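Inspection log for the structure reproduced underneath, given as structure tokens.
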Amino acid sequence: MPKQKKSPSKLKTGKKVSQKILRQVASLPLRRSKDGKIEVLLVTSRETRRWIIPKGWPMKGKKQHEAAAIEAEEEAGVVGNTSKEAIGYYFYGKRRASGQVQLCRVSVYLLTAVRELENWPEKNQRDSMWVSTEIAAEMVQEFELAELIRNIGTIQQSID
């Protein structure tokens, strides 16, 4: 007897959600402000223009932290030292061209900014902004990402 398909769950948007969880990697770019406080670099997503951190798909032949660093350079024009271990993860609903929403688990790697580029591949496709951790946590929509940002102070020594 064939297995019955599970009915798709729904997000708040009412869109159908695939049961398969996709995996992505992200950088959480950090720097010290002139007054010594930690700042986070946020970028806008290309389609919905919501505030996010640079993220993308794992890359064949690259370790996850390396792929996260590449995303930070391509999406935000920031280069730096990336943690080899993820500091945590968050979930969000990825809208597909079909209108379907798929759940994504995003592994987050700290990136201590060393320099900012004048030009980068997605410069004209996104806005970016350095903000305090408190403001960044309020700007992002994903609760788990906001919590990671709020807790940056507890791992402050990793960017010194």
Side-chain angles (χ1 to χ4, degrees), residues 11 13 20-97 101-160:
L11 290 178
T13 62
K20 181 181 177 185
I21 298 176
L22 302 174
R23 305 229 179 240
Q24 289 189 311
V25 296
S27 283
L28 181 56
L30 305 174
R31 74 175 184 188
R32 291 271 180 198
S33 66
K34 290 178 182 173
D35 63 358
K37 293 189 178 186
I38 299 171
E39 292 181 322
V40 174
L41 181 62
L42 297 180
V43 297
T44 54
S45 66
R46 287 190 287 192
E47 291 185 24
T48 64
R49 308 303 290 172
R50 72 187 195 287
W51 290 103
I52 61 171
I53 58 176
K55 66 178 170 19
W57 304 108
M59 299 174 187
K60 190 172 185 168
K62 300 283 182 195
K63 294 180 180 176
Q64 288 200 10
H65 72 277
E66 294 170 332
I70 291 168
E71 292 297 337
E73 185 172 341
E74 291 177 354
E75 294 183 5
V78 66
V79 178
N81 301 315
T82 307
S83 63
K84 290 186 176 26
E85 298 295 323
I87 62 160
Y89 60 89
Y90 69 95
F91 289 92
Y92 81 102
K94 172 81 174 161
R95 289 187 206 131
R96 307 302 278 189
V101 177
Q102 284 190 271
L103 190 61
C104 279
R105 181 183 191 265
V106 183
S107 298
V108 179
Y109 297 84
L110 284 180
L111 183 138
T112 305
V114 173
R115 69 185 163 105
E116 293 179 62
L117 305 174
E118 287 188 32
N119 292 298
W120 59 94
E122 297 182 20
K123 179 178 182 174
N124 296 321
Q125 299 172 32
R126 301 173 186 272
D127 295 322
S128 62
M129 183 184 317
W130 285 102
V131 294
S132 69
T133 55
E134 296 85 11
I135 292 172
E138 294 297 322
M139 291 173 69
V140 298
Q141 292 180 2
E142 296 81 9
F143 174 80
E144 294 155 320
L145 176 56
E147 286 301 301
L148 281 175
I149 292 169
R150 282 187 188 98
N151 292 325
I152 286 299
T154 63
I155 51 174
Q156 185 173 337
Q157 66 277 6
S158 64
I159 64 166
D160 288 336

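Residue numbers start at 1 and run along the sequence shown. Note that this is a predicted model, so its numbers are computed, not measured.
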Problem - Side-chain touch L117/V79, heavy atoms, less than 4.5 angstrom - result: yes
Problem - Contacts of type side chain to side chain contact (heavy atoms under 4.5 Å, CB included), residue Y89, not counting sequence neighbours - result: F91, R105
Exercise for the section: Please tell me if the side chains of L30 and I152 come closer than 4.5 Å, counting only heavy atoms from C-beta onward. Expected result: yes
Problem - Within-4.5 Å side-chain heavy-atom neighbours: E47 and R95 - result: no
Exercise for the section: Could you check if a side-chain atom of Y109 sits within less than 4.5 angstrom of a side-chain atom of E85, using non-hydrogen atoms only? Expected result: no
Fill in the blank from the handout: In short, V106 meets A26 closest at the heavy-atom pair CG1-CB, 3.5 Å
Fill in the blank from the handout: Nearest heavy-atom approach of V43 to P54 is CG2-N, 4.1 Å
Handout entry: Residue pair K94 / V101, side-chain heavy-atom distance below 4.5 Å
Key = no
Practice task
Keeping the roles fixed (side chain from S27, backbone from L111), state whether a donor-acceptor pair exists under 3.5 Å.
Solution key: no
Practice task
Hey, could you give me the CZ/CD distance between R32 and E39, rounded to the nearest 0.5 Å?
Solution key: 10.5 Å
Practice task
For A113 and W130, work out which heavy atoms get closest and say how close.
Solution key: CB-CH2, 3.9 Å
Practice task
Nearest 0.5 Å please: distance from the CG atom of L110 over to the CD1 atom of I87.
Solution key: 4.0 Å
Exercise for the section: Taking the side chain as every heavy atom from C-beta outward, state whether W57 and L22 have any atom pair closer than 4.5 Å. Expected result: yes
Practice task
Can you tell me which residue pairs pass the salt bridge (Lys or Arg N to Asp or Glu O under 4.0 Å) test with a partner in residues 49-65, sequence neighbours excluded?
Solution key: R49-D127, R50-E142
Exercise for the section: Only pairs at least two apart or in different chains count here, so list each salt bridge (Lys or Arg N to Asp or Glu O under 4.0 Å) that has a residue in residues 65-83. Expected result: E75-R126
Practice task
Inspect the contact between E118 and K123 and indicate whether a charged nitrogen and a carboxylate oxygen are less than 4.0 angstrom apart.
Solution key: no
Exercise for the section: For V108 and I53, run side-chain contact (heavy atoms from CB on, under 4.5 Å): C-alpha distance rounded to whole Å, both residues' side-chain angles, the deciding distance at 0.1 Å, then the answer. Expected result: CA-CA 9 Å; V108 179; I53 58 176; 4.0 Å; yes
Exercise answer: donor-acceptor pairs, residues 131-141 side-chain atoms, under 3.5 Å, sequence neighbours excluded:
unit_1, atom_1, unit_2, atom_2, d
S132, OG, E134, OE1, 3.2
S132, OG, I135, N, 3.1
E138, OE2, R150, NH2, 3.3

Handout entry: Where Q24 and P58 come nearest, the two heavy atoms and their spacing
Key = CA-CD, 4.2 Å
Exercise for the section: Taking all non-hydrogen atoms of both residues into account, name the closest pair between L148 and G88 and its distance. Expected result: CD2-CA, 4.0 Å
Problem - For the student: nearest non-hydrogen atoms of S128 and L41, plus distance - result: CB-CD1, 4.1 Å
Problem - Min side-chain heavy-atom separation Q64-S107 under 4.5 Å - result: yes
Practice task
Identify, with sequence neighbours excluded, every residue that meets side chain to side chain contact (heavy atoms under 4.5 Å, CB included) alongside D35.
Solution key: S33, K37
Completion exercise
Sorted by chain and residue number, the side chain to side chain contact (heavy atoms under 4.5 Å, CB included) partners of K84 (sequence neighbours excluded) come out as H65
Problem - Distance, nearest 0.5 Å, that separates CG of L28 from CD1 of I149 - result: 5.5 Å
